[in-house]
Amino acid sequence: MKKIQNYINGEYTNATSEAWLDNYNPSTGTVYSKIPKSASEDVALAYKAACDAFPSWSNTTLEERSKIMLRIADLIEANLDELAKAESLDNGKPLSLAKAVDIPRASSNFRFFGNAITQFASEAHESVGLNTMNFTLRQPIGVVGCISPWNLPLYLFTWKVAPAIAAGNCVVAKPSEVTPMTAYLLGNILTEAGLPKGVLNIVHGTGPETGQAIVAHPKIKAISFTGGTATGEHIARAAAPMFKKLSLELGGKNPNLIFADCDYDKMLAVTVKSSFANQGQICLCGSRIYVEERIAEKFKQDFVAKVAALKVGNPLEADTNLGALVSKPHLEKVLNYINIARSEGGNILFGGEQVKVKDHEDGYYLQPTVIEVANNQCRIQQEEVFGPVVTIVTFEDEAEALQMANDVKYGLSATIWTNDLNRTMRLSKQLDAGIVWVNTWLNRDLRTPFGGMKDSGVGREGGFEALRFFTEPKNVCISYAPSI
Ligand code: NDP
């Protein structure tokens with residue numbers, strides 16, 4: 001059986017304990033590879049490699065760093081088919097999605113930050129009359145930790161490690177143990193691209209053991225984490241006494257506000273995607289639909305008809321819309337939420353049941369599920385499900401829609417469907433969200449700040465925000481004599 005290995009100091013290696021975890025293929029429900037169960041000893045080895053590489057990498061010219069990163073981007077692109085298939089098998093997502101989104105985006109992350117670092121600049125402040133000049137040095141932090149989740153495995157892993165190394169840091173990174181395969185394959189690409197040994201070290205294992213060891217390592221000075229809000233809180237508590245710099249991209253329960261004056265057909269097509277893309281396992285999915293009463297009946301009918309036409313099936317088949325959920329425990333969690341919704345009086349308009357896919361009977365498949373809800377305070381409206389489950393609530397006017405949209409602990413993203421420009425501006429300003437999409441969804445320009453408010457996180461990634469996070473600003477103040 002295939003054995004995944006850590007990638008430390010430019011070499012593939014087993015965990016020191018030689019202990020292994022099972023890696024499941026969610027589309028068949030079978031174990032298909034083994035993952036090293038790394039412990040703090042392995043994180044210490046990765047740290048040492050990163051630390052040794054830092055003096056040279058942080059002094060490597062921006063042109064050279066950029067050149068290597070662009071080579072990594074090219075190699076990811078050149079290996080699109082292999083990486084996309086690996087992602088699909090490991091995660092359960094449709095191969096078509098991995099090919100169109102996940103892997104191209106992983107390549108773009110390296111290309112974008114490889115270019116961005118050549119344009120990154122800092123400020124100067126002249127204290128006029130005092131004869132001093134201040135300038136800001138932006139220096140790499142040193143060795144940093146990056147921890148990423150299972151929903152967009154290589155996409156989110158590279159979203160973190162690319163800006164970290166572009167800024168001159170060396171990295172100890174951990175992908176989710178649920179989906180380690182593409183981060184493992186990336187090691188070969190890093191070597192082929194000529195990334196110096198030790199600049200990026202990839203350690204596999206469980207969150208509470210390997211992830212925790214990265215967070216607890218006293219010399220790893222910054223942590224960039226994407227994952228659940230409860231894990232983020234745990235990491236913040238563990239890191240606080242060591243005053244680590246933290247970027248936390250956490251959960252979401254994103255509202256999708258549909259007004260009667262919107263472009264209806266476009267809204268309908270995009271809302272199907274924003275509800276169920278990647279089996280609803282995207283932190284940005286619009287899991288709470290609020291629809292204006294005037295069009296609510298028509299919307300429910302049309303939406304359910306479109307959802308019913310989605311094909312749940314083998315992720316490798318070209319016409320599959322929804323593949324498998326990522327794991328058995330996750331499938332059980334989502335099914336439990338559907339039961340909670342039922343017990344809360346939710347009206348299941350479509351779905352709610354597991355699907356048996358021919359020749360893949362043990363895979364983790366679930367129907368896309370649409371639930372009409374009367375009360376904004378029930379658990380299905382307030383808690384993140386992170387699966388193919390969307391709720392529908394109606395509203396009378398803009399004020400009521402806004403009140404319900406903001407009435408959750410999360411604040412990651414929001415979508416507004418309207419052709420009223422004034423409403424667009426009013427709501428964009430008042431919604432509790434780090435990202436607001438108007439008449440679109442998941443449109444991303446990598447230069448823009450990305451992140452959430454409230455319990456959806458702390459800090460922003462993307463563009464120069466990420467490069468700022470991964471550098472330490474130091475003010476240098478020079479006093480000069482004004483005349484000879
Ligand atoms: P988790 O929080 O369970 O895990 C995220 C990562 O943290 C994994 O690598 C996990 O390892 C690791 N981890 C778990 N426990 C610890 C710990 N004690 N110390 C250090 N690391 C730990 O999230 P999921 O993987 O389940 O991902 C889903 C969540 O991620 C959802 O809540 C989703 O909203 C959120 N998310 C947020 C995004 C954003 O940008 N805001 C984007 C994408 C997802 P392992 O898996 O091996 O246990």
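All ligand and atom numbering here is 1-based and tracks the order in the structure. Throughout, numbering of the chain's residues begins at 1 and tracks the sequence.
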*asked:* Tell me whether Lys99 is salt-bridged to Glu87, with the criterion being a basic N under 4.0 Å from an acidic carboxylate O.
replied: no
Check: Tyr184 and Lys2 side chains under 4.5 Å, non-hydrogen atoms: yes
The residue among Trp150, Tyr24, Tyr337 that forms ring pair (Phe, Tyr, Trp, His ring centres under 6.0 Å) with His330 is Trp150
Residue shell for ligand 1, any heavy atom closer than 4.0 Å, reads Ile147, Ser148, Pro149, Trp150, Asn151, Leu156, Lys174, Pro175, Ser176, Glu177, Gly205, Thr206, Gly207, Pro208, Gly211, Gln212, Phe225, Thr226, Gly227, Gly228, Thr231, His234, Ile235, Glu249, Leu250, Gly251, Gly252, Cys283, Glu384, Phe386, Leu412, Phe450
- Query: Is Glu353 salt-bridged to Arg342, going by a charged N under 4.0 Å from an acidic O?
  - Reply: yes
For Phe110, the ring pair (Phe, Tyr, Trp, His ring centres under 6.0 Å) test, sequence neighbours excluded, returns none
side-chain hydrogen bond (donor to acceptor under 3.5 Å, both in side chains) with Lys93: of Thr179, Asp102, Asn151, only one passes, and it is Asp102
